[in-house]
Number of protein chains: 2
Amino acid sequence: MDVWTIRDVARRCGLSEPTLRYYEDIGLIGPIGRDASGHRQYDAADLDLIGALSCLRATGVSIGDMRTYKANLANREETAAEQRDLLLRHAERIEAEIVAQHARLGYLRAKAAVWDARDHADGVAEAEAWQAVKEAAQHLGFH
Amino acid sequence: MDVWTIRDVARRCGLSEPTLRYYEDIGLIGPIGRDASGHRQYDAADLDLIGALSCLRATGVSIGDMRTYKANLANREETAAEQRDLLLRHAERIEAEIVAQHARLGYLRAKAAVWDARDHADGVAEAEAWQAVKEAAQHLGFH
DNA sequence: TCACACACCTCAAGCGCTTGAACACAAGCA
DNA sequence: TGCTTGTGTTCAAGCGCTTGAGGTGTGTGA
């Protein structure tokens, strides 16, 4: 098995089929080969690139940065440090994002507790839950 | 101070000014009061709602779900359980997202190590780093 | 052999914002 | 008094996809 359908690639790389077509449209990948009836056939090299881009995308990297990354692949030696820095910058973004997600999780759970107390018409629990909401909101940086 | 400008609200609630205008356009919030020269003036009730919606948004809740949430505020007693469940469903999504972010972080760092090794023309380190990339990619569920 | 499912195709529109252009008003300074 | 600065306004276009409509080609079962 040395070629894959768009469906295979979507599953393996975690991108949707329309996204794969879109990336080809804008020249971020491909051009991808076609079979006799016009269906796309992805090869191993396509998969490699798409896998890497998919990770970048999942971390919030812009299409512009993905283009840079791809372009840099051509002349590895000169751009290695730049590639490393691009990846590390986005690693930092992810770290910050994880912290933010924890804060949001706390807020959501606290707020759910408020509604749960309301559902059980438990005024005491509701008051306590409100307190937790306020604290959670502080971590979110607003309210 | 019992009214706020759009700028204040954007800062306090973590939404951009255009987003606040957009939410008003589509009827998710407001209509917001205006001063003599047409500038928006948000009051405490607006802030309450916007703060809650902002959290929902930050956790990936769709505008449709936000509308539901807002509509349910009107008849609290009947919908308390629904509100709680909406929030808890999204808390679960966040938990999954945090796990995914950790996987992406591992991948980015591993890949950065590969480029760092290349930058230093260190073949041994590069080979080790590739191994780490492969393991990290496994956690991402593809490659 | 004909019907049907199914996986793919293209093209257009929609979504949830963001960005940019062009303008209005209010306060502070030369 | 006019000029600049700052903060707001509206409207239109762009971004990065997603969704949906409508069509094509291949394979299987009756």
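Excluded from the calculations below are hydrogen atoms, water molecules and symmetry mates; all remaining heavy atoms, backbone and side chain alike, are included. The chains referred to below are lettered A, B, ... by the order of the sequence lines, with proteins before strands, and numbering in each begins at 1.
Rounding to whole angstrom units, CG of residue B:Asp35 and P of C:dA26 are separated by 9 Å.
Residues satisfying the salt bridge (Lys or Arg N to Asp or Glu O under 4.0 Å) test with A:Arg21, not counting sequence neighbours, are A:Glu17. For the side chain to side chain donor-acceptor pair (under 3.5 Å) test, residues two or more places apart in sequence or in another chain that qualify with A:Thr19 are A:Ser16. Residues passing the salt bridge (Lys or Arg N to Asp or Glu O under 4.0 Å) test with B:Arg118 are B:Glu126, sequence neighbours excluded. B:Ile94 is linked by a side chain to side chain contact (heavy atoms under 4.5 Å, CB included) to A:Gln101, A:Arg104, A:Leu105, A:Leu108, B:Thr59, B:Ile98, counting only residues two or more places apart in sequence or in another chain. Considering only residues two or more places apart in sequence or on other chains, B:Asp25 meets the side chain to side chain contact (heavy atoms under 4.5 Å, CB included) condition with none of them. With sequence neighbours excluded, the residues forming a side chain to side chain contact (heavy atoms under 4.5 Å, CB included) with B:Ala81 are A:Asp119, B:Arg84, listed by chain and number. Contacts of B:Glu24 classified as salt bridge (Lys or Arg N to Asp or Glu O under 4.0 Å), with partners at least two apart in sequence or in another chain: B:Arg34, B:Arg40. Residues satisfying the side chain to side chain contact (heavy atoms under 4.5 Å, CB included) criterion with A:Asp46, sequence neighbours excluded, are A:Ile32, A:Tyr42, A:Asp43, A:Ile50.
Contacts between residues 19-34 of chain B and DNA chain D, defined by a heavy-atom separation below 4.0 Å, involve B:Arg21, B:Arg34, listed by number. The stretch residues 63-70 of chain A touches DNA chain D through A:Ile63, each having a heavy atom under 4.0 angstrom from the strand.
Residue A:Ser62 is out of contact with every strand shown, counting any heavy-atom pair closer than 4.0 Å.
Toward the 5′ end of DNA chain D lies the nearest nucleotide of B:Arg7, the other residue of the pair B:Arg7 and A:Val61 mapping further downstream. Between B:Pro18 and A:Tyr42, the residue anchored closer to the 5' end of DNA chain C is A:Tyr42, taking for each the nucleotide with the nearest heavy atom.
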Extract all donor-acceptor atom pairs below 3.5 Å that involve side chains of residues 60-71 of chain A and protein atoms in other chains or at least two apart in sequence.
unit_1  : atom_1 : unit_2  : atom_2 : d
A:Ser62 : OG     : A:Gly64 : N      : 3.4
A:Ser62 : OG     : A:Asp65 : N      : 3.1
A:Asp65 : OD2    : A:His90 : NE2    : 3.3
A:Arg67 : NH1    : A:Ile26 : O      : 2.9
A:Arg67 : NH2    : A:Ile26 : O      : 3.4
A:Thr68 : OG1    : A:Gly64 : O      : 3.2
A:Lys70 : NZ     : A:Gly27 : O      : 3.4
A:Lys70 : NZ     : A:Leu28 : O      : 3.3

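Between the A:Asp8 side chain and the A:Thr5 main chain, a donor and an acceptor come within less than 3.5 Å of each other.
Bounding nucleotides for the chain A contact on DNA chain D, 5' to 3', at a heavy-atom distance below 4.0 Å, are D:dG16 to D:dG25.
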